[in-house]
Colleague: 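One structure is given below, represented as C-alpha cells, and several questions about it will come after.
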Amino acid sequence: LVLDPSFKQALAAGRVHREVGFAPERLVDDLRYDIDALEQLGRFGPAGSGPRAGGDTGMRSALFADPIDRPRDVGCFDAFAALWERLGIVREELMEGLDRDLIENVEVHYVRYPEGGYFQRHVDDYEANDGAPSRRSVSFICYLNDPGAPAWTERDGGALRVHSDGAYYEILPDAGSLVLFDSMAVEHEVRPTRRERTCLIGWFHAPTA
Ligand SMILES: O=C(O)CCC(=O)C(=O)O
Ligand SMILES: [Fe+2]
C-alpha cells in the first residue's frame, strides 16, 4: 500500500489527505531535470485545462507543460513514468477505499508558478453536466520543489489554502509530498508565491453516468 488508510475518512469528509515523502528525493531530482529540459524547449505555456483555462482572466498565473505528449529524447521521461506508475497504485487504492470507479484516462500536467504566481480560490470540477462521459473525481498534486534547497516556510508564500466551513488551513508544498482531495468538494487556492513553485497536478476521472 502506498497510501495511509486515513485517506478514506479525509476524502469522504471533504478534507485534504497528505502523504509526506510520496516521491523519494532522487525521483524528485530526476523529475526536476525533466521539467527543466521541457522548460528550455519552450514547452511551458499558460494554457492547460483547469478552471477557466487560458490564464488570461487573472484567475491564475502559472505555466503548464504536458509530461506525456512531448519529445521523449530530452529530459527524463522515465522519471515521469516512474511517478505515473506509483500514481496508478494510488488510483487503485482510491477505487478500493472510496468505492469509486476511477477510469484509467487521467489529466496530468507539470505546473510551474514563477515568483508572484498564484491560483485564485476555486473548485476543480467546474463542469456542470455538459454531456462529457467522465468528470474530475479525485485531484492529486505532487510537489516538485527542489529537495536540496532550504525547506519551504510560510514566509515563502505559495501555500495551498483549503477553505472549509468559513475557515481555512494551509499546506506547504514540501518536496516529494502528495496531496489528494475530492475534486467536487474542496475549495482551494494557491497563495502568491515568493519562490518558484513546481508540481505535477492531475485528476482521476469518474464516469458521469
Ligand atoms: O498548485 C497547487 O497546489 C494547486 C493547483 C490547483 O489548484 C489546480 O491546478 O487546480
Ligand atoms: Fe485546483
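Start at 1 and go down the list; that is how both ligands and their atoms are numbered. As the structure is a prediction and not an experimental result, all values here were calculated from the model.
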Colleague: Return the orientation label for the F140 and F204 ring planes: parallel under 30°, perpendicular over 60°, tilted otherwise.
Modeller: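 Ring orientation of F140 relative to F204: tilted.
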Colleague: Of the backbone atoms (N, CA, C, O) and the side-chain heavy atoms from C-beta on, which set of H188 has a member under 4.0 Å from an atom of ligand 1: side chain, backbone, both, or neither?
Modeller: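 Only the side chain of H188 comes within reach of ligand 1.
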Colleague: Look at D182 together with R15 and state whether they make a salt bridge at an N to O cut-off of under 4.0 Å.
Modeller: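 Answer for the salt bridge query: no.
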Colleague: Measure E189 to ligand 1 on non-hydrogen atoms and call it side chain, backbone, both or neither using the 4.0 Å cut-off.
Modeller: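 E189 to ligand 1: no contact under 4.0 Å from either part.
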Colleague: Please identify which atoms of ligand 1 are closer than 4.0 Å to at least one heavy atom of F119.
Modeller: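 This gives 6 (C), 8 (C), 9 (O), 10 (O) as the contact atoms.
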Colleague: Does a donor on one side chain sit under 3.5 Å from an acceptor on the other, for T208 and R135?
Modeller: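 Side-chain D/A pair, T208 to R135: absent.
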Colleague: Determine whether the side chain, the backbone, both or neither of S139 has a heavy atom under 4.0 Å from any heavy atom of ligand 1.
Modeller: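 It is neither part, as no heavy atom is under 4.0 Å.
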Colleague: Going by an N to O cut-off under 4.0 Å, is there a salt bridge joining R191 and E189?
Modeller: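 Here R191 pairs with E189 in a salt bridge, since their nearest N and O are under 4.0 Å apart.
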Colleague: Side chain or backbone of V111 under 4.0 Å from ligand 1, or both, or neither, by non-hydrogen atoms?
Modeller: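 Neither; nothing of V111 gets under 4.0 Å from ligand 1.
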Colleague: Under 4.0 Å between a side-chain nitrogen and a carboxylate oxygen: does that hold for E107 and R136?
Modeller: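 Salt bridge: yes.
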Colleague: Quick one: do D36 and R112 make a salt bridge, cutoff under 4.0 Å?
Modeller: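 The answer is yes: the pair qualifies as a salt bridge.
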Colleague: Just by distance, no angles: are the side chains of H188 and H122 close enough, under 3.5 Å, to form a donor-acceptor pair?
Modeller: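 Present: a donor and an acceptor within the cut-off.
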Colleague: Assess, by modelled atom type and distance only, whether the side chains of W203 and S183 contain a donor and an acceptor separated by less than 3.5 Å.
Modeller: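 Result is no, nothing qualifies.
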Colleague: In ligand 1, which numbered atoms sit nearer than 4.0 Å to a non-hydrogen atom of Y143?
Modeller: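 Matching atoms, with element in brackets: 2 (C), 3 (O).
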Colleague: Can you sort out which atoms of ligand 1 are near I201, meaning under 4.0 Å from one of its heavy atoms?
Modeller: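 Result: 5 (C), 6 (C), 8 (C), 9 (O), 10 (O).
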Colleague: Heavy-atom contacts with I141 under 4.0 Å: which atoms of ligand 1 show up? List them by number with element.
Modeller: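 Close to I141: 2 (C), 3 (O), 4 (C).
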Colleague: Just checking, R72 and F77: is the charged tip under 6.0 Å from the six-membered ring centre and within 45° of the axis?
Modeller: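 Yes, cation above the ring, under 6.0 Å and within 45°.
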Colleague: Find, among atoms of D124 that are N, O or S, the one nearest to the Fe ion (ligand 2), and state its name.
Modeller: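 Of all N, O or S atoms in D124, the Fe ion (ligand 2) lies closest to OD1.
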Colleague: Does some non-hydrogen atom of H109 fall short of 4.0 Å from ligand 1?
Modeller: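 Contact check H109 vs ligand 1: negative.
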Colleague: Can you figure out which of F181, Y113, W203, Y118 has its heavy atom closest to atom 5 (C) of ligand 1?
Modeller: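 Of the listed residues, Y113 has the closest heavy atom.
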Colleague: Does R60 come within less than 4.0 Å of ligand 1, judged by its heavy atoms?
Modeller: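 The answer is no: ligand 1 sits nowhere under 4.0 Å from a heavy atom of R60.
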Colleague: Numbering the atoms of ligand 1 from 1, which are under 4.0 Å from a heavy atom of C199?
Modeller: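 With C199 as reference, the close atoms of ligand 1 come out as 1 (O).
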